[in-house]
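Just below is one structure, and these are the notes that go with it.
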Amino acid sequence: MEEVQVIIVGAGPAGLATSACLNHLKISNVVLEREDCYASLWKKRSYDRLKLHLAKEFCELPYMPFPPNAPTYIPKDMFVQYLDTYVSQLGINPKCNQNVKSAFYEVDINKWRVTVENTLLGAQEEYLGKFLVVASGENSVGYVPEVQGLDEFKGEAIHSSKYENGKKYGGKNVLVVGSGNSGMEIAYDLSNSGANTSIVIRSPVHVLNKEIVHFGMVSLKFLPLNIVDKAVVLLGKLKYGDLTKCGIRKPNEGPFYLKAAKGRAPTIDVGSINKIKTGEIKVLPSITSIDGDLIRFQNGNVDSYNAIIFATGYKSSVLNWLQVCYI
Ligand SMILES: NC(=O)C1=CN([C@@H]2O[C@H](COP(=O)(O)OP(=O)(O)OC[C@H]3O[C@@H](n4cnc5c(N)ncnc54)[C@H](OP(=O)(O)O)[C@@H]3O)[C@@H](O)[C@H]2O)C=CC1
Ligand SMILES: O=C(O)C(=O)Cc1c[nH]c2ccccc12
């Protein structure tokens, strides 16, 4: 049993940054990580062409700015290098292969008791701490919806977290399901690799580009959110025109409101919108069923596909282990 002031669950950027701040204040802490490395989503479950969508000044962690010569939008590998340097320079010592099974607050001793399975040893370990920080992320477990016939689908079906690049999909009919940032960018990547690409867009979504988002982020320092939302929606309309005829509807609420209130980020266009406009990427409504290699859609379309990439988002795992919630 190890006792510290603060137990941090999750060694992604948020958990690492929390540990760095506590180290700076000389407050004892431990970072527990389920995977065999820190920043596992960045290292193992993100596609090759990924770059941060927000400018570097909005993505740096405490005590370590990006160097002035770093590009404005940091590519994935550079962000991973940055995190490696961060961990070594700020004295962070994440404990990997530590799968948190339960965390509850013991009222008698005023401490959190966290039970962990050491997945290397298969043994159970315990930690006690005055504070618990949940930094296990919103993107913990890939979510794939239930679709009638999916189990017998004749082609390949993967979650977006397993997608690296489009190399092997050239000439294939590929369906991307989901129009969040992963889905839109993967569709673009597939199309660039010569795949006949379609994308399912089932709900309204804001489409902006990174320059408009940057303008919004800077404006938020001076202006209220509803004004910034109006301005960025207008800029989006000037840039892209009316996308409803392409099958992309706009939500009623603004993009920064939706990010702040519901955690839903706008889709940052990296080139897919132009491909949708030219018909290189085909937009489809929800899937109704799958039969062999045939996929049926809500508008009555039926087509044959070689692969499906489910860019349908993630589920948080916190409710699986957090027993008492004082938040
Ligand atoms: N460069 C960057 O900074 C990047 C950042 N990200 C971020 O990572 C996070 C995760 O992104 P992402 O992986 O795109 O996941 P998201 O949760 O953002 O998007 C999931 C998408 O899948 C759709 N969906 C879910 N179930 C179905 C279904 N049954 N049929 C059709 N569509 C469905 C959702 O639609 P609905 O709204 O209808 O549920 C939504 O459009 C986000 O915050 C995103 O912004 C991602 C990629 C790159
Ligand atoms: O990480 C994401 O969800 C992004 O795509 C970048 C992002 C973070 N916060 C935002 C607020 C408005 C627009 C995009 C983002």
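Whatever order the structure lists them in is the order used to number ligands and atoms, beginning at 1.
Nearest protein heavy-atom neighbour of atom 12 (C) of ligand 2: F256 CE2, 3.5 Å. In terms of protein heavy-atom proximity, atom 24 (N) of ligand 1 is nearest to T312 CG2, 3.7 Å. Here the heavy atom of the protein found nearest to atom 43 (O) of ligand 1 is K259 NZ, 4.2 Å. Of the protein's non-hydrogen atoms, N181 CB, 3.8 Å is the one closest to atom 6 (N) of ligand 1. When hydrogens are left out, the protein atom nearest atom 9 (C) of ligand 1 is N139 ND2, 3.7 Å; that is the closest non-hydrogen contact. Counting only heavy atoms of the protein, atom 18 (O) of ligand 1 lies nearest to G180 CA, 4.2 Å. In this structure, the protein non-hydrogen atom closest to atom 23 (C) of ligand 1 is G178 CA, 3.7 Å.
S102 contributes atom OG, which lies 8.0 Å from atom CD of Q124 (distance to the nearest 0.5 angstrom). With rounding to the nearest 0.5 angstrom, the CG atom of L175 is 11.5 Å from the OG atom of S304.
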**Item:** Criterion side-chain hydrogen bond (donor to acceptor under 3.5 Å, both in side chains) on N29 and S19, from CA distance to verdict
**Value:** CA-CA 7 Å; N29 66 89; S19 180; 2.8 Å; yes
**Stepwise side-chain contact (heavy atoms from CB on, under 4.5 Å) test for Y105 and L132** = CA-CA 9 Å; Y105 193 70; L132 177 77; over 6 Å; no
**Request:** For side-chain contact (heavy atoms from CB on, under 4.5 Å), just list the numbers for K76 and Y47, CA-CA rounded to whole Å, side-chain angles, deciding distance to a tenth of an Å, and then say yes or no.
**Result:** CA-CA 9 Å; K76 172 175 84 164; Y47 45 85; 5.9 Å; no
**Residue pair E253, K262: steps toward the side-chain contact (heavy atoms from CB on, under 4.5 Å) verdict** = CA-CA 11 Å; E253 291 146 323; K262 305 196 177 153; 3.6 Å; yes
**Asked** E156 and K172: side-chain contact (heavy atoms from CB on, under 4.5 Å), yes or no, with the steps?
**Response** CA-CA 11 Å; E156 178 198 38; K172 301 266 189 327; over 6 Å; no
**Request:** Determine, stepwise, if the pair K275 / N192 fulfils side-chain hydrogen bond (donor to acceptor under 3.5 Å, both in side chains).
**Result:** CA-CA 10 Å; K275 281 180 177 279; N192 280 347; 3.2 Å; yes
**Item:** Verdict with supporting geometry, K111 and E3, salt bridge (charged side-chain N to carboxylate O under 4.0 Å, His left out)
**Value:** CA-CA 10 Å; K111 280 174 190 160; E3 184 159 351; 2.8 Å; yes
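Taking only nitrogen or oxygen atoms, main chain and side chain alike, R202 reaches within less than 3.5 Å of ligand 1. On a distance-only criterion, S179 and ligand 1 share at least one N/O pair closer than 3.5 Å. Ligand 1 has a nitrogen or oxygen under 3.5 angstrom from a nitrogen or oxygen of S182.
Contacts of D84 classified as salt bridge (Lys or Arg N to Asp or Glu O under 4.0 Å), with partners at least two apart in sequence or in another chain: K43. With sequence neighbours excluded, the residues that form a salt bridge (Lys or Arg N to Asp or Glu O under 4.0 Å) with E106 are R113.
Every atom of ligand 1 is numbered from 1 in the order shown, and the set under 4.0 Å from a heavy atom of K51 is 1 (N), 2 (C). Residue V177 has at least one heavy-atom neighbour below 4.0 Å for each of these atoms of ligand 1: 30 (N), 31 (C), 32 (N). In summary, the atoms of ligand 1 found under 4.0 Å from a heavy atom of A265, numbered by their order in the structure, are 45 (O). When each atom of ligand 2 is checked for a heavy atom of P266 under 4.0 Å away, the hits are 12 (C), 13 (C), 14 (C). The ligand atoms of ligand 1 that sit less than 4.0 angstrom from a heavy atom of P145 are 29 (N).
Atom 11 (C) of ligand 2 has its nearest heavy-atom neighbour, among K259, K210, H53, in K259. Of the options R45, E138, H53, K210, the smallest heavy-atom separation from atom 5 (C) of ligand 1 is shown by H53. One option in G313, A311, G183 has a heavy atom closer to atom 21 (C) of ligand 1 than any other, and that option is A311. The nearest non-hydrogen atom to atom 15 (C) of ligand 2, considering only N181, L258, L54, L52, comes from L54. Taking all heavy atoms of G263, S203, S160 into account, the minimum distance to atom 37 (O) of ligand 1 is reached by S203.
Note that atom 34 (C) of ligand 1 has no protein non-hydrogen atoms nearby, at separations under 4.0 angstrom. Within the 4.0 angstrom cut-off, atom 46 (C) of ligand 1 has one or more protein heavy-atom neighbours.
A single hydrophobic cluster is not seen to contain both V270 and V283; linkage of ILVMFWY side chains at heavy-atom distances under 4.5 Å, directly or through other members, places them apart. Residues V174 and I276 are members of one and the same hydrophobic cluster, defined by side-chain heavy-atom contacts under 4.5 angstrom among Ile, Leu, Val, Met, Phe, Trp and Tyr.
At least one heavy atom of Y47 lies less than 4.0 angstrom from ligand 1.
Of all the heavy atoms of L208, none lies under 4.0 Å from any atom of ligand 2, so neither backbone nor side chain is involved. Of all the heavy atoms of L50, the ones lying under 4.0 Å from any atom of ligand 1 belong exclusively to the side chain.
Between Y169 and Y163, the ring planes lie parallel to each other; the angle is under 30°, not in the 30° to 60° tilted range.
Heavy-atom neighbours of D291 CG from other residues, nucleotides or ligands within 6.0 Å: at or below the threshold of 12.
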